[in-house]
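One structure is given here, and the rest of the page talks about it.
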Amino acid sequence: MKRHAAGTLGRADLGERVLLQGWVHRRRDLGGLVFIDLRDRSGIVQVVVRPEEHPELSEVVDPVRNEWVLEIEGEVAERSAGNVNPDMATGEVEVNADRAVILAQSEPLPLEGDATEETRLRYRYLDLRRPEFQRNLMLRHRVTLETIEHFDEQGFVHIETPILTRSTPEGARDYLVPSRVQKSTFYALPQSPQLFKQILMVAGLERYVQIARCFRDEDLRAERQPEFTQVDVEMSFPSEDELFALIEGLFARIFPLGGIEPEVPFPRLPYSQAMARFGSDRPDLRFELEIVDLTEVLGDSEFRAFRKTVSDGGTIRGFGIPDAAGASRKQVDGWASIAQSHGAAGVLTLRRQNGETVFGVKDVLSEGELEKATELLGLEEGGMALLVAATSSVAAASLGALRVELARHYELIPEDEHSFVWITEFPLLEWDDRSERWFSCHHPFTSPDPRDLHLLDSDPGSVRAQAYDVVMDGVELGGGSIRIHDRQLQERMFEVLGISREEGRERFGFLLDALRYGAPPHGGLALGLDRIIMLMAGTSSIRDVIAFPKTTSATCLMTDAPSAVDTGQLRELGISLLEPGPDDKAKS
RNA sequence: GGGGUCGUAGUUCAGUUGGUUAGAACGCCGGCCUGUCACGCCGGAGGUCGCGAGUUCGAGUCUCGUCGGCCCCGCCA
């Protein structure tokens with residue numbers, strides 16, 4: 001007999017003989033009557049065992065406990081009116097069992113629904129049994145399929161690129177894999193298939209897509225794992241508009257699977273504006289709290305901290321929050337420490353109460369200054385503004401973080417709304433004080449904006465890139481750029497980045513070579529699949545949409561990876577350890 | 001690398017100013033129960049208070065160190 005899906009049974013199956021196989025979700029033994037909620041991937045159905053009618057069956061079922069695996073045969077029956085369970089998808093019916101086989105026993109689970117994440121990660125296979133996890137993984141499956149199909153329809157080809165590749169020590173730290181055959185050399189796991197996809201364009205594939213695993217040996221966050229999945233895209237002869245439309249089309253197709261209907265096309269916001277108005281290159285636009293520049297208005301005030309900041313080239317910025325004037329000293333202190341963690345000295349408040357604006361520090365601002373600030377901040381009765389005086393980047397970072405914190409605190413975020421936005425015109429380069437050189441904001445193959453090309457030598461910091469990010473609800477979902485396809489320009493970029501001719505040859509020679517043989521204009525982007533699913537599933541950590549994620553210290557609690565290896569393996573690789581491992585048992 | 005927070009029964013937690021035998025719920029074990037659906041009722045077992053030092057007559061509680069989970073900063077071209 002064919003196996004039936006427990007969660008799909010209903011009135012349509014009345015009188016049907018069914019075979020069920022699944023887990024005992026819960027067992028209720030009333031003595032002369034036993035109920036078993038049997039669960040499989042599709043859901044749960046109630047099975048009834050009547051010892052009086054089937055004594056032999058009763059004997060089988062008697063020792064059964066939660067999470068044992070059973071095979072049940074029986075007939076689908078209607079529940080009498082008073083016994084219907086309206087909270088259950090299959091609540092109108094039940095299965096009268098006449099045969100039962102124990103397929104597997106189970107010890108009591110070391111885990112309940114509300115277990116700590118540590119316990120849940122150790123017994124991941126048990127946690128994954130929970131319906132919400134199964135839903136998340138099935139959603140991920142669906143989105144992956146739809147994504148590949150979307151790109152297929154647009155003429156893209158799914159191509160796999162190497163996992164064992166070469167280290168390109170610009171950017172994130174590489175995961176290294178020692179070569180046994182070539183002693184003392186290492187492969188690196190790809191941080192992204194960047195160079196390969198560009199080379200595929202040179203190879204004439206024109207349109208490439210890959211569901212690609214990427215690896216970065218950097219510290220973790222709720223939305224960052226050492227290995228993660230990108231929807232990696234590259235196309236020849238592109239325009240930004242075409243690329244944007246392609247991704248908007250994808251989002252319009254996949255997000256409804258999570259009950260979200262994006263409005264296309266997405267608005268576009270230049271990076272400089274995003275930083276100035278929202279203090280972030282991934283602004284959450286579901287709420288206002290827009291940042292205002294008060295340098296002009298307050299820079300000349302009696303308040304010494306303001307004067308000093310401005311004379312040192314800094315700025316004074318802030319934003320107003322309606323109905324926040326009643327915030328306690330303790331709350332403001334908490335916000336100050338958020339600003340401090342981003343490098344600011346603290347925060348200052350402006351409160352609008354009883355028709356006048358009061359600054360946190362008494363008697364240092366003139367009435368005119370207060371008036372102008374009130375107007376610029378849009379402060380109304382009962383409102384409060386938080387101000388930060390600092391360098392432009394510290395002010396932006398602090399206020400950007402506070403903007404999100406305050407919106408959460410005052411519940412200004414409409415959780416059922418969503419905002420998609422393209423952040424465009426990223427800077428090409430960023431100065432690093434420590435190593436005293438320019439670094440690429442995106443990567444060294446990003447094309448400068450042709451309009452700014454003439455500034456490349458005279459004022460590299462103000463050159464814009466043909467680079468863009470796509471952002472949803474304050475989360476960066478992906479980013480990309482139009483690439484350099486001209487060898488001379490690429491070599492010039494290396495020069496600006498302080499990468500010598502020899503160095504460039506050694507690290508990226510194959511790309512430079514490829515660019516000599518008719519490289520088409522090309523560009524693309526990569527989307528963080530884990531983050532997309534996370535937002536669709538409505539969770540706040542990508543661990544919830546990855547079957548086997550790692551902890552914040554990059555370990556796997558289930559497998560205990562990474563682990564020490566025996567000395568024989570190391571010897572074969574020509575490796576000796578400077579420090580003994582954590583559980584170095586000197587296995588040999 | 002830095003900051004915050006948590007770690008007590010199989011699980012989730014409570015545990016007062018340091019003071020007798022460390023509690024609860026769920027789970028587990030035994031018994032009863034024919035319409036339950038978080039079934040109910042009666043009884044029982046279960047603890048290296050993450051680990052290691054220290055202070056003290058006495059430490060789950062205080063101090064230092066250490067390990068681990070989570071969040072954040074740095075980092076993530």
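Sequence lines set the chain letters: A, B, ... in the order given, protein chains first and strands last, and positions in each chain run from 1. Remember, it's a predicted structure, so these values are computed and weren't measured experimentally.
Base engagement by A:Asp29 is indicated by at least one non-hydrogen atom pair under 4.0 Å involving a base atom. The residue A:Glu52 sits close to a base: some heavy atom pair falls under 4.0 Å. Across all strands, A:Arg26 comes closer than 4.0 Å only to sugar-phosphate atoms, never to a base (heavy-atom distances). Among the atoms of the strands shown, base atoms are found under 4.0 Å from some heavy atom of A:Phe35. Nucleic acid contact for A:Pro444: base, since at least one base atom lies under 4.0 Å from a heavy atom of the residue. Nucleic acid contact class of A:Arg543 (heavy atoms, under 4.0 Å, all strands): sugar-phosphate only. Here A:Asp114 lies in heavy-atom contact (under 4.0 Å) with sugar-phosphate atoms only. If you check every strand for non-hydrogen atoms under 4.0 Å, A:Thr552 touches a base. The residue A:Thr446 sits apart from the nucleic acid: no heavy atom pair falls under 4.0 Å.
Here the nucleotide nearest the side chain of A:Asp219, chosen from B:G68, B:G1, B:C37, is B:G1. Here the nucleotide nearest the side chain of A:Glu94, chosen from B:U36, B:G74, B:U34, is B:U36. Comparing B:C39, B:C72, B:C70 against the side chain of A:Leu121 picks out B:C70 as the nearest. For A:Thr555, whose side chain is taken as the heavy atoms from C-beta onward, the closest listed nucleotide among B:G35, B:C71, B:G69 is B:G69. The side chain of A:Ser541 lies closest to B:C71 when the candidates are B:G69, B:C71, B:U36. Nearest nucleotide to the A:Arg79 side chain, out of B:U36, B:C71, B:C76: B:U36.
Below 30°, between 30° and 60°, or above 60°: for A:Trp335 and A:Tyr410 the angle between ring planes is between 30° and 60°, a tilted geometry. Between A:Tyr271 and A:Phe426, the ring planes are tilted. Angles from 30° to 60° get that label.
Remark: B:A24 base-pairs with B:U12; criterion is Watson-Crick or G-U wobble with both hydrogen-bond distances under 3.5 Å. The partner of B:G43 is B:C29, judged by Watson-Crick or G-U wobble contacts that both fall below 3.5 Å. Remark: B:G60 base-pairs with no nucleotide in the shown strands. Criterion, Watson-Crick or G-U wobble with two distances under 3.5 Å. Across all strands shown, B:C76 remains unpaired; no Watson-Crick or G-U wobble contact has both distances below 3.5 Å. In this structure B:U34 sits in no base pair that meets the Watson-Crick or G-U test at under 3.5 Å. In this structure, B:U5 forms a base pair with B:G69, meeting either the Watson-Crick or the G-U wobble geometry with both donor-acceptor distances under 3.5 Å.
For A:Arg65, a side-chain nitrogen or oxygen approaches OP1 or OP2 of B:C29 to under 4.0 Å. Contact between the side-chain N/O atoms of A:Arg221 and the OP1/OP2 oxygens of B:C73 is found at a separation under 4.0 Å. Phosphate contact (OP1/OP2 of B:U36, side-chain N/O of A:Arg28, threshold under 4.0 Å): absent. The phosphate of B:G69 (OP1 or OP2) has no side-chain N or O of A:Thr116 nearer than 4.0 angstrom. Dashed line: the shortest gap from a side-chain N or O of A:Thr119 to OP1 or OP2 of B:U12 is under 4.0 Å. Taking only side-chain nitrogens and oxygens, A:Ser341 never comes nearer than 4.0 Å to OP1 or OP2 of B:G3.
Cation-pi geometry between A:Arg129 and A:Tyr125 is not met: the NZ or CZ atom fails to fall both under 6.0 Å from the ring centre and inside 45° of the normal.
Remark: A:Asp37 engages A:Arg28 in a salt bridge, criterion side-chain N to carboxylate O under 4.0 Å. Between A:Arg27 and A:Glu67 there is no salt bridge, since no side-chain N of the basic residue sits under 4.0 Å from a carboxylate O of the acidic one. In summary, A:Arg216 and A:Glu218 do not engage in a salt bridge, as defined by a charged side-chain N under 4.0 Å from a carboxylate O.
A donor and an acceptor atom never sit less than 3.5 Å apart when one is taken from the side chain of A:Arg120 and the other from the base of B:C70. With hydrogens and angles ignored, no donor-acceptor pair under 3.5 angstrom links the side chain of A:Asn66 to the base of B:G27.
B:G7 and B:C76: their P atoms are spaced 34 Å apart (whole Å).
For A:Ala222 and A:Asp432, each mapped to the nucleotide of RNA chain B holding its nearest heavy atom, the one lying further toward the 5' end belongs to A:Ala222. In this structure, A:Arg122 and A:Arg216 both approach RNA chain B, and ranking their closest nucleotides by distance from the 5' end singles out A:Arg122.
Across A:Arg213, A:Gln210, A:Lys197, a single residue satisfies side chain to side chain donor-acceptor pair (under 3.5 Å) together with A:Asp232, and that is A:Lys197.
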